[in-house]
Peer 1: 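The structure's right below; bear with me while I get my questions together.
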2 protein chains.
Amino acid sequence: MSSTAAVDGPPVRGGRRTPADKYDERRTQLAISALATLGELGYARTSLREIAQNSEFSHGVVHYYFADKFELITHCVRYYKAQCVTRYDGLVAESTTAEELLTRFGDKLVETLTTEAPMHRLWYDLRTQSMFEEQFRPDVLMIDVTLEDMIGRVVLRYAELAGRPLVMDVPTIYALLDGVFEKALLGHLTGDEDAGARLRARVLDLLPRLLG
Amino acid sequence: MSSTAAVDGPPVRGGRRTPADKYDERRTQLAISALATLGELGYARTSLREIAQNSEFSHGVVHYYFADKFELITHCVRYYKAQCVTRYDGLVAESTTAEELLTRFGDKLVETLTTEAPMHRLWYDLRTQSMFEEQFRPDVLMIDVTLEDMIGRVVLRYAELAGRPLVMDVPTIYALLDGVFEKALLGHLTGDEDAGARLRARVLDLLPRLLG
DNA sequence: CCCATGTCTTGACGGTTGTCAAGAATTTTC
DNA sequence: GAAAATTCTTGACAACCGTCAAGACATGGG
């Protein structure tokens with residue numbers, strides 16, 4: 001009856017206990033392999049065997065650290081979120097004028113568009129999956145508000161530096177920027193070499209118009 | 001050797017020829033069943049057997065009318081496009097003032113958000129799939145410019161009626177509206193009952209700001 | 001050194017998928 | 001109405017999926 005399935009946290013049996021950090025380290029390691037695979041193949045074509053093959057382990061180990069596929073994906077998504085939330089915090093803290101903040105924001109957007117394209121398309125993939133599969137919704141919606149807050153910190157600081165109020169609320173502005181970014185991502189992935197430049201131009205034009 | 005696979009158009013064998021309209025009718029019939037299934041389950045979870053089960057035929061007939069799964073999906077997507085392109089043409093032709101056009105556009109957006117949600121999430125699903133699978137890109141990009149043109153007709157007419165120019169180009173405006181609509185769709189599908197009202201309010205606020 | 005515990009590999013299971021062939025059923029043609 | 005062509009059903013195939021159990025391997029404490 002010694003089941004090897006991971007159900008809730010590190011195995012605690014016979015009085016001894018796996019060091020939690022070692023356990024979490026493996027989970028994170030697998031999550032990184034999973035994210036790489038998901039970013040390359042998308043959710044629909046990613047299997048647990050493919051994920052394991054992109055790691056240094058065999059396919060059985062996935063079930064040792066995660067109860068099922070959904071728990072793995074969820075863990076990946078949470079890990080991914082923690083990585084990208086602080087993406088713009090540096091430039092928000094350091095910029096001293098509205099113009100500087102705006103140009104640095106535009107540059108950073110283009111940079112992440114080109115260097116982290118697989119992660120971005122994965123995010124859009126998972127967000128769309130949540131439109132079909134109820135299981136994904138809690139995590140996706142949580143990440144979405146986290147990203148919204150991240151964008152909110154940028155534009156609120158931008159308005160503050162400009163000394164003018166925003167004419168729209170943050171959720172609306174997030175939706176606008178998200179639409180522009182998603183279009184740029186699609187363009188970038190389909191071979192449009194000007195996608196990055198266009199994204200920058202659009203954001204640099206859009207944000208000043210959002211000031212009252 | 002009498003293969004039953006559909007490879008290129010209606011079977012032409014032995015001098016006789018299937019009436020093309022009958023053949024196309026069946027293909028369209030299957031495409032409609034496929035669209036219903038895809039809109040309900042999403043691309044990742046839709047199988048050919050499931051599609052056939054949602055039609056009045058058995059699962060083998062799919063391969064008789066379509067060479068493979070990809071050709072079926074492509075046919076669906078083309079059929080879908082033809083349906084939704086003219087969605088706003090009526091209100092563009094009939095509206096006599098900018099205000100009327102704007103309110104009717106907002107109403108129509110909310111209506112399609114609620115009554116055609118499965119088709120909309122399918123579109124976002126397929127567009128995201130095209131970020132991963134090269135096969136989908138030609139058709140997706142074609143539909144995307146078609147939708148862009150559709151939105152373009154609305155906002156260009158809106159600017160014309162208002163007697164003022166647009167401060168952005170049509171692709172940018174399409175991206176902005178798309179972001180707002182996608183957010184509303186996600187909200188609507190996750191139980192947000194105010195998603196429609198918020199969508200309308202945002203569009204009614206946004207469009208006037210795009211006039212010079 | 002031995003044994004208990006934690007970790008990982010291997011191989012298998014039931015189920016599902018896209019595909020396709022063989023033939024039955026239907027329709028069309030003469 | 002017979003013959004031929006088209007249309008559809010049935011059943012099978014190889015491959016793949018998530019899951020899981022049995023056991024090999026590694027590790028550390030006694």
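Proteins get letters first, then strands, A, B, ... in listed order; numbering begins at 1 in each. What's counted below: heavy atoms across the whole structure, side chains too, no hydrogens, waters or symmetry copies.
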Peer 1: Between P on dT19(C) and OH on Tyr65(B), what's the gap in Å once rounded to a whole number?
Peer 2: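 Computing the Tyr65(B):OH to dT19(C):P distance gives 18 Å.
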
Peer 1: Got a list of protein N/O to nucleotides 11-13 of chain D N/O distances below 3.5 Å?
Peer 2:
unit_1	atom_1	unit_2	atom_2	d
dG11(D)	O6	His59(B)	NE2	2.7
dA12(D)	N6	Arg49(B)	NH2	2.8

Peer 1: Check residues 33-43 of chain B and write down every donor-acceptor pair under 3.5 Å in which the side-chain atom is one partner and the other belongs to a residue at least two apart or another chain.
Peer 2:
unit_1	atom_1	unit_2	atom_2	d
Ser33(B)	OG	Gln29(B)	O	3.4
Thr37(B)	OG1	Ser33(B)	O	2.9
Thr37(B)	OG1	Asn54(B)	ND2	3.1

Peer 1: How would you list, by chain and number, every residue that makes a side-chain hydrogen bond (donor to acceptor under 3.5 Å, both in side chains) with Asp125(A), sequence neighbours excluded?
Peer 2: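 Checked Asp125(A) against side-chain hydrogen bond (donor to acceptor under 3.5 Å, both in side chains); matches are Gln129(A).
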
Peer 1: More than 12 heavy atoms of other residues, nucleotides or ligands under 6.0 Å from NZ of Lys108(B): yes or no?
Peer 2: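 Atom NZ in Lys108(B) is not packed in, count stays at 12 or less.
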
Peer 1: Going by the ring pair (Phe, Tyr, Trp, His ring centres under 6.0 Å) test, which pairs reach into residues 167-195 of chain B, not counting sequence neighbours?
Peer 2: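 For residues 167-195 of chain B, and leaving out neighbouring residues, the ring pair (Phe, Tyr, Trp, His ring centres under 6.0 Å) pairs sorted by first residue read His120(B)-Phe181(B).
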
Peer 1: Using whole Å, report how far NZ of Lys69(A) lies from C1' of dC20(D).
Peer 2: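 Nearest whole value for this atom pair: 17 Å.
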
Peer 1: Does a side-chain N or O of Ser47(A) approach OP1 or OP2 of dC17(D) to a distance below 4.0 Å, or not?
Peer 2: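 So the side-chain polar atoms of Ser47(A) do come within 4.0 Å of the phosphate oxygens OP1 or OP2 of dC17(D), strictly under.
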
Peer 1: Just how far, in rounded Å, is P of dT27(D) from OH of Tyr23(A)?
Peer 2: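 Taking OH of Tyr23(A) and P of dT27(D), I get 19 Å after rounding.
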
Peer 1: If you fit an axis to the five pairs at each end of the helix from dC1(C)-dG30(D) to dC30(C)-dG1(D), how big is the angle between those two axes, to 10 degrees?
Peer 2: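 Here the helix ends are tilted 10° relative to one another.
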
Peer 1: Mind checking ring-ring contact (aromatic ring centres under 6.0 Å, His included) for Phe70(A) and listing every partner two or more places apart, or none if nothing turns up?
Peer 2: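 ring-ring contact (aromatic ring centres under 6.0 Å, His included) list for Phe70(A), sorted by chain: Phe136(A).
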
Peer 1: Charged N to carboxylate O below 4.0 Å: is that the case for Glu71(B) and Arg27(B)?
Peer 2: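 Yes.
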
Peer 1: What's the NE2-P distance between His63(B) and dC20(C), to the nearest Å?
Peer 2: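 My rounded result for the distance is 4 Å.
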
Peer 1: For dC8(D), take OP1 and OP2 only and decide whether either is under 4.0 Å from a side-chain N or O of Arg26(B).
Peer 2: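 So the side-chain polar atoms of Arg26(B) do come within 4.0 Å of the phosphate oxygens OP1 or OP2 of dC8(D), strictly under.
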
Peer 1: Atom CZ of Arg27(B) to atom P of dC8(D): distance rounded to whole Å?
Peer 2: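 So the CZ-P distance, Arg27(B) to dC8(D), works out to 13 Å.
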
Peer 1: Would you please name every residue forming a side-chain hydrogen bond (donor to acceptor under 3.5 Å, both in side chains) with Asp149(A), sequence neighbours left out?
Peer 2: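 Partners of Asp149(A) under the side-chain hydrogen bond (donor to acceptor under 3.5 Å, both in side chains) test: none.
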
Peer 1: Base, sugar-phosphate, or nothing: which does Ser58(A) touch, judged by heavy atoms less than 4.0 Å apart?
Peer 2: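 Result for Ser58(A) = base.
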
Peer 1: Check the distance between dC16(D)'s P and Ile51(A)'s CD1 and give it to me in whole angstrom.
Peer 2: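 Checked: the CD1 to P distance equals 17 Å.
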
Peer 1: Expressed in angstrom and rounded to an integer, what is the separation of Tyr64(A) atom OH from dA22(D) atom C1'?
Peer 2: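 The distance from OH of Tyr64(A) to C1' of dA22(D) comes to 15 Å, rounded to the nearest Å.
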
Peer 1: Would you mind reading off the distance between Tyr43(B) atom OH and dT17(C) atom P, rounded to a whole angstrom?
Peer 2: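 In whole Å, dT17(C) P and Tyr43(B) OH are 13 Å from each other.
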
Peer 1: In terms of the nearest nucleotide of DNA chain D, which residue is placed more toward the 5' end: Val61(B) or Phe70(A)?
Peer 2: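 Between the two, 5'-proximity favours Val61(B).
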
Peer 1: By salt bridge (Lys or Arg N to Asp or Glu O under 4.0 Å), which residues pair with Asp169(A), not counting sequence neighbours?
Peer 2: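 In terms of salt bridge (Lys or Arg N to Asp or Glu O under 4.0 Å), with neighbours along the sequence ignored, Asp169(A) is linked to no residue.
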
Peer 1: Who pairs with Arg157(A) by side-chain contact (heavy atoms from CB on, under 4.5 Å), at least two apart in sequence or on another chain?
Peer 2: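 Once residues adjacent in sequence are excluded, the partners of Arg157(A) under the side-chain contact (heavy atoms from CB on, under 4.5 Å) criterion are Val92(A), Leu101(A), Glu160(A), Leu161(A).
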
